[in-house]
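Notes follow the structure.
As a basis for the values below, the full set of heavy atoms in this structure was taken, side chains included, without hydrogen atoms, waters or symmetry mates.
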Amino acid sequence: EGGASLVSNNNTIDGDLQVKKAASASISSTTVNGNIQLEENNRGLVSERAVVRGDFQVFKNTGGVTLRSNRVSQNLQCKENSPAPVGGSNTAGEKEDQCRRL
């Protein structure tokens, strides 16, 4: 919480990943055996080719969010992001709100 930035490339995380009230995050080819939560960040967020065994939640971010080719076992949820997230080719149990078409 409150950090400058997060970069995760080709990693496995045996729990949850939360980035909250930080600057930016880049998640690439990373497996998360729990949930990902990106909340109230103010710079660019990118997640590409991540495997998420739980939920992926993207809430109230203001720096832009790109979600591309992620595989989410449970729900991909996006709410109150400005601008709305962009990307595509994501799979999830359910895609909700701003993530429905991604």
Side-chain angles (χ1 to χ4, degrees):
E1 187 168 334
S5 65
L6 166 83
V7 176
S8 179
N9 189 15
N10 294 314
N11 290 306
T12 298
I13 298 170
D14 286 326
D16 297 328
L17 173 61
Q18 182 181 45
V19 181
K20 185 173 181 177
K21 295 184 180 178
S24 63
S26 175
I27 304 164
S28 179
S29 301
T30 294
T31 298
V32 177
N33 290 323
N35 305 303
I36 293 180
Q37 186 178 56
L38 306 175
E39 186 175 354
E40 296 183 43
N41 299 289
N42 60 17
R43 294 215 180 133
L45 304 169
V46 177
S47 180
E48 300 178 304
R49 299 175 309 281
V51 176
V52 183
R53 305 277 187 231
D55 293 319
F56 194 155
Q57 299 175 321
V58 183
F59 299 150
K60 300 180 182 179
N61 297 288
T62 58
V65 179
T66 301
L67 303 173
R68 189 172 293 120
S69 301
N70 298 290
R71 293 186 335 215
V72 182
S73 295
Q74 300 296 318
N75 300 311
L76 177 58
Q77 303 166 310
C78 300
K79 294 180 184 177
E80 300 179 49
N81 297 286
S82 181
V86 298
S89 300
N90 299 288
T91 61
E94 284 194 43
K95 296 181 196 176
E96 299 177 10
D97 301 307
Q98 292 175 314
C99 286
R100 273 186 301 232
R101 295 191 177 124
L102 301 179

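Between Lys79 and Asp97, the shortest heavy-atom distance links the atoms CE-OD2, 2.8 Å. Of all heavy-atom pairs spanning Leu45 and Ser24, the tightest one is CD2-C, 4.0 Å. Heavy atoms only, all atoms of each residue included: Ala92 and Leu76 are closest at CB-CB, 3.8 Å. Between Phe56 and Ser47, the shortest heavy-atom distance links the atoms CE1-OG, 3.5 Å. When all heavy atoms of Gly34 and Val52 are compared, the closest pair comes out as O-CG1, 3.5 Å. Shown here for Asn81 and Lys60, the closest heavy-atom pair between the two residues is OD1-N, 3.4 Å.
Put simply, OG on Ser82 and CD on Gln98 are 8.5 Å apart, with the number rounded to the nearest 0.5 Å. With rounding to the nearest 0.5 angstrom, the CD atom of Glu39 is 9.5 Å from the CD atom of Glu80. In this structure, Ser28 OG and Asn70 CG are separated by 9.5 Å, a value rounded to the nearest 0.5 Å. Atom-to-atom distance recorded for Ser26:OG and Glu48:CD is 7.0 Å, nearest 0.5 angstrom. Interatomic distance, Thr31 OG1 to Leu17 CG, rounded to the nearest 0.5 Å: 12.0 Å. Atom NZ of residue Lys20 and atom CG of residue Leu38 lie 12.0 Å apart, to the nearest 0.5 angstrom.
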Candidate pair Ile13 and Thr30, rule side chain to side chain contact (heavy atoms under 4.5 Å, CB included), full reasoning: CA-CA 8 Å; Ile13 298 170; Thr30 294; 4.1 Å; yes
Under the criterion side-chain hydrogen bond (donor to acceptor under 3.5 Å, both in side chains), I'd like the reasoning laid out for Arg68 against Ser89: C-alpha separation, chi angles, the key distance, then a yes or no. CA-CA 6 Å; Arg68 189 172 293 120; Ser89 300; over 6 Å; no
Derivation of the side-chain hydrogen bond (donor to acceptor under 3.5 Å, both in side chains) call for Arg49 and Ser29: CA-CA 5 Å; Arg49 299 175 309 281; Ser29 301; 3.2 Å; yes
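Looking only at side-chain heavy atoms (C-beta outward), Gln77 and Cys99 stay at 4.5 Å or farther from each other.
Take Asn42 and apply the side-chain contact (heavy atoms from CB on, under 4.5 Å) test, not counting sequence neighbours, and it matches Ala23, Thr62. Residues forming a side-chain contact (heavy atoms from CB on, under 4.5 Å) with Asn35 (at least two apart in sequence, or on another chain): Asp16, Asp55.
When only modelled atom types and interatomic distance are considered, Ser73 and Arg53 share no side-chain donor-acceptor pair under 3.5 Å.
Between the Asn90 side chain and the Leu67 main chain, a donor and an acceptor come within less than 3.5 Å of each other. Counting only distance, with no hydrogens or angles, the side chain of Asn61 and the backbone of Asn41 share a donor-acceptor pair below 3.5 Å.
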